[in-house]
Amino acid sequence: MSLLGPVEIRNLAEKLDIRPTKKLGQNFVIDGGTVRKIVRIAGLRPDDVVIEVGPGLGSLTLALLPEARSVVAVEIDPVLAAQLPLTVAEHAPELADRLTVVLGDAMRILPGDLPQEKPTALVANLPYNVSVPVVLHMLETLPSLRSILIMVQAEVADRLAAAPGSKIYGIPSVKAAWYADVRRAGPVGRTVFWPAPNVDSGLVAMTRREPPSTKATREEVFAVVDAAFAQRRKTLRAALASWAGTAAAAEQALRSAGIDPSERGEQLTVEDFSRIAEHRG
């Protein structure tokens, strides 16, 4: 099996008349060392079913195939989706039967759109413009996912992995923490992409865990999170007034949950938000 090099990737794009677009957030990985690093950090098992979002020209796909039982590649671009099996057949013919390509938008993919085998790992170079919604959608709709390793914009990586008390801790941090333990898994330079983006990238690793023990539903907890950070400079008493109905009702819910009404959302854990949701009047 051979990985795609920078020249092969550019030649393939030229052959397909593919011009990476900002609209689709396309930045293709052209460095073999980077894709091998991603696969190594992902820590895949031989029986893993990997879902890859936005495989592009297939550089990461080729590195994933030897390490997993199968790879399901979700691609929104019909030209790229049609080419991927041909690329794998050329570079790794012995692994071609492990690949399934699903043409579709990862933001709308549901379990019924995928092969019968449930995906256990998400490994992807996610488009910058939809990275957080995609990963949260995957965590919500694919409970079989036990691990995630994604490459995203460095700022997004920091936000996803941020801890309470940090200035960049916010909605993505809390919602990701509902589903998983999240950590930064390393930096990625700009030169490994074509075209090179104007920002740095980073790897984020997630390990699925049980959500907080709470009587509130996920939707109810996330409604509190959205309200708390919609006006993040305000105290929780003020920020949650519309959610609770009045500032007084917000204060009562907060005190019942054991939270100081003068705190701000960035101080709270996902467990704190879950308790608040339980005490809505």
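Because only heavy atoms are used, hydrogens play no part in the values below, and waters and symmetry mates are left out as well, while side chains stay in.
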Does any part of the side chain of Leu114, heavy atoms only, come nearer than 4.5 Å to the side chain of Leu142, both counted from C-beta? yes
Flag, side chain of Thr120 to backbone of Arg146, donor-acceptor distance under 3.5 Å: no
Do Leu60 and Val29 have side chains that approach each other closer than 4.5 Å (heavy atoms only, starting at C-beta)?
no
Here the pair of heavy atoms bringing Val74 nearest to Pro55 is O-CD, 3.3 Å
On a heavy-atom basis, the closest approach of Val50 and Ala68 is CG2-CB, 3.7 Å
Looking at Glu278 and Lys215, does any basic side-chain N land under 4.0 Å from a carboxylate oxygen?
no
Note to self: Checking Glu140 against Arg218 for the salt bridge (charged side-chain N to carboxylate O under 4.0 Å, His left out) test, could you report, in this order, the C-alpha distance in whole Å, the side-chain angles of both residues, the deciding distance, and whether it holds?
What the structure shows: CA-CA 10 Å; Glu140 177 190 344; Arg218 178 184 55 80; 3.0 Å; yes
Contacts table for residues 180-189: side-chain donor-acceptor under 3.5 angstrom, sequence neighbours left out:
residue: Asp181; atom: OD1; partner: Arg209; partner atom: NE; Å: 3.0
residue: Arg184; atom: NE; partner: Asp158; partner atom: OD1; Å: 2.8
residue: Arg184; atom: NH1; partner: Gly186; partner atom: O; Å: 3.4
residue: Arg184; atom: NH2; partner: Asp158; partner atom: OD1; Å: 3.2

Is Glu67 salt-bridged to Arg45, cutoff N-O under 4.0 Å? no
ask   = Are Leu86 and Leu16 linked, directly or through other ILVMFWY residues, by side chains that come within less than 4.5 angstrom of each other?
value = no
Ala216 and Val221 have their tightest heavy-atom pair at CB-CG2, 3.9 Å
Do we see a donor-acceptor contact under 3.5 Å between the side chains of Ser131 and Gln153? no
Give the C-alpha distance, both sets of side-chain angles, the deciding distance and a yes or no for side-chain contact (heavy atoms from CB on, under 4.5 Å) between Trp178 and Thr214. CA-CA 11 Å; Trp178 171 269; Thr214 175; 4.0 Å; yes
The reported gap from CZ in Phe229 to CD1 in Ile171 (rounded to nearest 0.5 angstrom) is 7.0 Å
Point to revise | Arg98 (side chain) donor-acceptor with Leu65 (main chain) under 3.5 angstrom | key: yes
When you look at CD of Gln252, are more than 12 heavy atoms from neighbouring residues, nucleotides or ligands closer to it than 6.0 Å? no
Do Pro115 and Val72 make a side-chain contact, defined as non-hydrogen atoms from C-beta onward lying under 4.5 Å apart? yes
Quiz prompt | Within-4.5 Å side-chain heavy-atom neighbours: Asp200 and Arg190 | solution = yes
query = Is the backbone of Asp77 close enough, under 3.5 Å, to the side chain of Glu75 for a donor and an acceptor to pair up by distance?
reply = yes
Of all heavy-atom pairs linking Val270 and Pro212, the shortest is CG1-CG, 3.8 Å
Do Val71 and Val123 have side chains that approach each other closer than 4.5 Å (heavy atoms only, starting at C-beta)? no
What I want to find out is whether Glu117 reaches Arg69 closely enough, with some N-O distance under 4.0 Å, to be called a salt bridge.
yes
Do the side chains of Val224 and Leu240 get nearer than 4.5 Å, heavy atoms only? yes
Quick check on the hydrophobic clustering: are Ile168 and Val199 connected, directly or via other members, by side-chain heavy-atom contacts under 4.5 Å?
no
Could you see if Met107 belongs to whatever hydrophobic cluster contains Leu122? Use Ile, Leu, Val, Met, Phe, Trp, Tyr and a side-chain cutoff under 4.5 Å. yes
Check this for me, if you would: do Arg275 and Glu271 make a salt bridge, where the nitrogen-to-carboxylate-oxygen distance has to be below 4.0 angstrom? no
TODO: Show the numbers, then the answer: is there a side-chain contact (heavy atoms from CB on, under 4.5 Å) between Val135 and Ile150?
DONE: CA-CA 9 Å; Val135 75; Ile150 51 173; 4.0 Å; yes
Shortest non-hydrogen pair, Pro119 vs Ser144, comes out as O-OG, 2.6 Å
inquiry  = Under 4.5 Å between side-chain heavy atoms, counting indirect links through other Ile/Leu/Val/Met/Phe/Trp/Tyr residues: same cluster for Met151 and Ile41 or not?
reply    = yes
Discussion item. Quick check: is Ile148 connected to Leu110 through a chain of hydrophobic side chains (ILVMFWY, heavy atoms under 4.5 Å apart)?
Written reply: no
In terms of the angle between their ring planes, are Tyr179 and Phe222 parallel, tilted or perpendicular, with boundaries placed at 30° and 60°? perpendicular
Worksheet item: Are side-chain heavy atoms of Leu12 and Gln83 found at a separation under 4.5 Å?
Response: yes
Test item: Leu145 and Ile51 side chains (from C-beta on) under 4.5 Å apart, heavy atoms:
yes
Do Arg232 and Glu266 sit within salt-bridge range, that is, some charged N less than 4.0 Å from a carboxylate O? yes
* To do: Determine yes or no for a side-chain-to-main-chain donor-acceptor pair under 3.5 angstrom, with Ser173 supplying the side chain and Arg159 the backbone.
  => yes
Separation between OG (Ser70) and CG (Leu95), nearest 0.5 Å, reads 11.5 Å
Value for CD1 (Ile259) from CD1 (Ile276), rounded to nearest 0.5 Å, stands at 5.0 Å
message = I'd like to know if Lys175 and Asp226 make a salt bridge, using a cut-off of under 4.0 Å between side-chain N and carboxylate O.
response = yes
Query raised in the report: Sub-3.5 Å donor-acceptor pair from the side chain of Ser166 to the main-chain atoms of Ala162, do we have one?
Result: no
Legend entry - Test log, rule side-chain contact (heavy atoms from CB on, under 4.5 Å), inputs Val35 and Lys37: CA-CA 5 Å; Val35 295; Lys37 173 184 174 183; over 6 Å; no
The side-chain hydrogen bond (donor to acceptor under 3.5 Å, both in side chains) partners of Arg208 (sequence neighbours excluded) come to none
Sequence neighbours excluded, the answer for side-chain hydrogen bond (donor to acceptor under 3.5 Å, both in side chains) partners of Lys234 is Gln231
Minimal heavy-atom distance between Trp243 and Arg280, with the atoms involved, is O-NH2, 2.6 Å
CA sep, side-chain torsions, deciding dist, call: Glu52, Asn125, side-chain contact (heavy atoms from CB on, under 4.5 Å)
CA-CA 8 Å; Glu52 181 189 3; Asn125 167 29; over 6 Å; no
